[in-house]
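Here is the naming used below: chain letters follow the sequence lines, and residue numbers restart at 1 for every chain.
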Amino acid sequence: MSWFKRVRRGVTTSTKEKKETPEGLWYKCPSCKTIIPVMDHAANKYVCTSCGYHERIGSKEYFEVIFDDNAYTEINEGMHASDPLNFKDTKKYTDRLEDSIAKTGLNDAIATAHGLVDGEPLMIACMDFSFIGGSMGSVVGEKIARAIDFCIANNMPFMIISKSGGARMMEAAFSLMQMAKTSAKLTLLSKAKLPYLSLLTDPTTGGVTASYAMLGDMNIAEPGSLIGFAGPRVVKETIGKDLPKGFQTAEFVLEHGFLDKIVKRTELKAHLAQLLKLFKN
Amino acid sequence: MNYLDFEKPIAELYEQLEAAKKLGEKSKVDVTKTLADIEKKIEATRANIYDNLTPWQRVQVSRHPDRPYTLAYIDAISDGTFMELHGDRTVGDDKAMIGGWGSIDGRTVMFIGQQKGINTKMRQYRNFGMPNPEGYRKALRLMKMAEKFNKPVVTFIDTPGAYPGLEAEERGQGEAIARNLFEMVQLKVPVICIIIGEGASGGALGIAMGDKVMMLENTWYSVISPESCSSILWRSWDFKEQAATALKLTPEDMFKNKLIDGIIPEPLGGAHNNQEEMFKTVKSEIKKQLTKLSAQDPEKRIEKRIDKFCSMGVVVEG
Ligand SMILES: [Zn+2]
């Protein structure tokens, strides 16, 4: 047993585990290897205090980072995936779902909740990468659609926090059509003149990038996040060369004109609050 | 003619037919009956093969080298009136995505579609039907122009996917497709989309947000190709047949799952076996749908289109 909490780069510990972390445990930054108490790490919004590395976190942590007093109301919490295609690869989709639910304590790859941000109401749909790679299937699409309905009915701004490898293959064309569905719903939010903020976090790729993640009135990203349509491995295979340094990072995407801003997670809440007030007044 | 592996029995019968013809010419033996018998056998064999295609074979037919591509449909349907337009007005002209004005029996339509090449050289030129972001932006520019002049949009989908290149990423492939989904679903004019070959993922959907989305009988439409699905989920390229079945990518499955609006039958032996008949069927289907859609109030039509896409998906309530 090591005396610090091991966190493999790219894999966050489960939400459950994190919540129950007793004082006295340690976090080791996978980037600069600095070791600090988990409590301090959490207090710094899960950003390394020494190198600024943004740990991948889940919806519960994002809600905690953003909503006033960590108070929020989750909607459609119990919705979970069906298996409309009776899909089986090396494993049955239903088994994969069961395992993921057991492992993560989540029902699918997204949570939708509304609360206050410095007193301003906001609905957030936040993806969970720990649930089948944050893949977008029918539940992700439906929860986003219902969150948008809620925003229109309650005149509330909307934010999606993307963190996804793309569409969920086990729902095949149903997953593909969630790109169509979410984009179609966003036209209604737009018509209602309600702000839509898209926060792209590490990683945001595939069908999520090619639909709601890129459709924000403002597209914001966390520093260093991988953002792209095709994954880096596929691009590398296509061009048959090594990729340039920094390719498909948030900084690269900002430089090419597809983001408005890169915001550190430690400053995220303040930025959102300011933005919401600017939109309102 | 090119023959797919499962079409080999047909190819062999054609060889027999040729041999019998030659024999007749050389030896003055009356081969009339033999020829008729073989021809009958060819049709029966073709019918038998095509009535029992597996999903993977369907995918193979959708990529048949003799299959007509977008420009062939447009040229036939618009009876030579097609005027191709070029460029996205920002970066360049994408050869994998074509579009322009054309007339269907006197009615002006904006045609758009991915274009594959008809030979080795043209396949390169067309980038194998894989558009870059400027292709999607050209498509959107043309759709917006159609909207401005109140002309319907007809798109032909035939792509192995949006191009996953370095420059495509630099120029925002994801944003380009996303923008098309968002704009196309609220276009004020009727939009008809026909999958004529491969409907691979976001690259296909980027021009497929229509009032009527239809698939030709021997095509596929899904989130990923069977080969890539096999490589990711099975971690091997050897499970493409299983993947094709698991993905439920055939027109029948897509229609059953309410993810498309209709299926257009192909001539016996596939679109390539009788191109003229295929063009005629597609033309009459477009005309039929245009008449229906044009009669609807534009606001209602948009509402219906949005509702249709918003109803897609299956979940279990908590
Ligand atoms: Zn660090």
Side-chain angles (χ1 to χ4, degrees), chain A residues 76-82 84-85 87-90 107 137-139 141-142 145 167-181 183-188 190 205-207 209-215 227-231 234-235 238-239 243-244 247-248 252-253 256-258, chain B residues 161-166 168-186 201-206 208-209 221-224 229-230 232-235 239 242-243 246-249 253-254 257 259-260 302 305-318:
Chain A
N76 301 303
E77 196 177 351
M79 188 191 294
H80 54 276
S82 165
L85 302 177
F87 196 94
K88 183 172 175 274
D89 44 84
T90 55
N107 283 327
S138 298
V139 172
E142 184 63 20
R168 187 174 298 170
M169 262 173 274
M170 291 72 84
E171 291 184 36
F174 281 104
S175 298
L176 176 65
M177 293 308 163
Q178 301 314 304
M179 294 169 65
K181 175 173 182 163
S183 304
K185 267 286 175 191
L186 282 171
T187 66
L188 303 180
S190 178
T205 60
T209 303
S211 59
Y212 51 82
M214 276 293 165
L215 289 174
I227 299 167
F229 174 64
V234 176
V235 179
T238 304
I239 62 170
L243 300 170
F247 181 65
Q248 294 185 315
F252 167 96
V253 180
H256 283 91
F258 297 98
Chain B
Y163 190 58
L166 185 127
E169 293 295 318
E170 289 178 340
R171 297 197 287 265
Q173 188 72 285
E175 194 275 344
I177 292 171
R179 187 65 48 203
N180 279 21
L181 307 184
F182 186 84
E183 295 295 341
M184 201 175 171
V185 80
Q186 47 181 334
S201 202
L205 188 64
M209 300 287 286
Y221 192 11
S222 196
V223 73
I224 192 167
C229 181
S230 164
I232 294 173
L233 292 183
W234 278 266
R235 296 180 193 282
F239 294 85
Q242 285 95 321
L247 286 167
K248 306 273 192 328
L249 44 61
D253 279 318
M254 289 294 286
N257 289 326
L259 299 173
I260 58 162
I302 295 170
R305 197 189 297 151
I306 290 175
D307 283 351
K308 177 181 80 179
F309 285 106
C310 287
S311 71
M312 292 179 180
V314 182
V315 301
V316 181
E317 299 290 339

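- Both the backbone and the side chain of Glu170(B) come within contact range of chain A, judged by heavy atoms closer than 4.5 Å.
- No other option in Cys310(B), Gly318(B), Ser311(B) has as many heavy-atom pairs under 4.5 Å with chain A as Cys310(B).
- Only the side chain of Ile239(A) comes within contact range of chain B, with heavy atoms under 4.5 Å apart.
- To the nearest 0.5 Å, atoms CG (Asp89(A)) and CD (Gln242(B)) are separated by 11.0 Å.
- If you tally non-hydrogen atom pairs under 4.5 Å between each of Ala81(A), Ala167(A), Ser175(A), Ser183(A) and chain B, the highest count goes to Ser183(A).
- The closest side-chain heavy-atom distance from Leu166(B) to Pro244(A) is below 4.5 Å.
- Only the side chain of Val185(B) comes within less than 4.5 Å of a heavy atom of chain A; its backbone N, CA, C and O stay farther away.
- Interface remark: of the candidates Ala210(A), Gly78(A), Ala230(A), Ser190(A), Ala210(A) forms the most heavy-atom pairs closer than 4.5 Å to chain B.
- In this structure, the side chains of Phe239(B) and Thr90(A) stay at 4.5 Å or more apart for every pair of heavy atoms.
- When all heavy atoms of Phe229(A) and Gly174(B) are compared, the closest pair comes out as CB-N, 3.8 Å.
- Interatomic distance, NZ of Lys308(B) versus CE of Met177(A), reported as 9.0 Å (0.5 Å rounding).
- Across Ala184(A) and Phe309(B), no two heavy atoms sit closer than the pair CB-CB, 4.4 Å.
- Heavy-atom minimum distance, Met169(A) versus Leu247(B): O-CD2, 4.1 Å.
- Interface remark: Met209(B) contributes side-chain atoms only to the contact with chain A (heavy atom separation under 4.5 Å).
- Side chains of Val223(B) and Phe174(A) form no contact here, defined as non-hydrogen atoms less than 4.5 Å apart.
- When Gly161(B), Ala208(B), Ser230(B), Ala246(B) are compared by the number of non-hydrogen pairs under 4.5 Å with chain A, Ala246(B) comes out ahead.
- Atom CD of Glu175(B) is separated from atom OG1 of Thr209(A) by 11.5 Å, given to the nearest 0.5 angstrom.
- Both the backbone and the side chain of Arg179(B) come within contact range of chain A, judged by heavy atoms closer than 4.5 Å.
- Residue contact with chain B, scored on non-hydrogen atoms closer than 4.5 Å, is absent for Tyr212(A).
- Between the CG atom in Asp307(B) and the NZ atom in Lys185(A) there is a gap of 7.5 Å [rounded to 0.5 Å].
- Residues forming a ring pair (Phe, Tyr, Trp, His ring centres under 6.0 Å) with Phe182(B) (at least two apart in sequence, or on another chain): none.
- Note that CG of Leu233(B) is 6.0 Å distant from CE of Met170(A), once rounded to the nearest 0.5 Å.
- Of all heavy-atom pairs between Val316(B) and Ser82(A), the closest is CG2-CB, 3.8 Å.
- Between chain A and the options Met254(B), Arg305(B), Glu169(B), heavy-atom pairs under 4.5 Å are most frequent for Glu169(B).
- Note on Pro164(B), Gly313(B), Cys229(B): by heavy-atom pairs under 4.5 Å with chain A, the leading option is Pro164(B).
- Atom-to-atom distance recorded for Thr187(A):OG1 and Met184(B):CE is 14.0 Å, nearest 0.5 angstrom.
- Here the side chains of Leu176(A) and Tyr221(B) are in contact, with some heavy-atom distance below 4.5 Å.
- Residue contact with chain A, scored on non-hydrogen atoms closer than 4.5 Å, involves the backbone and the side chain of Leu181(B) alike.
- At a 4.5 Å heavy-atom cutoff, the contact between Ile232(B) and chain A is made by side-chain atoms alone.
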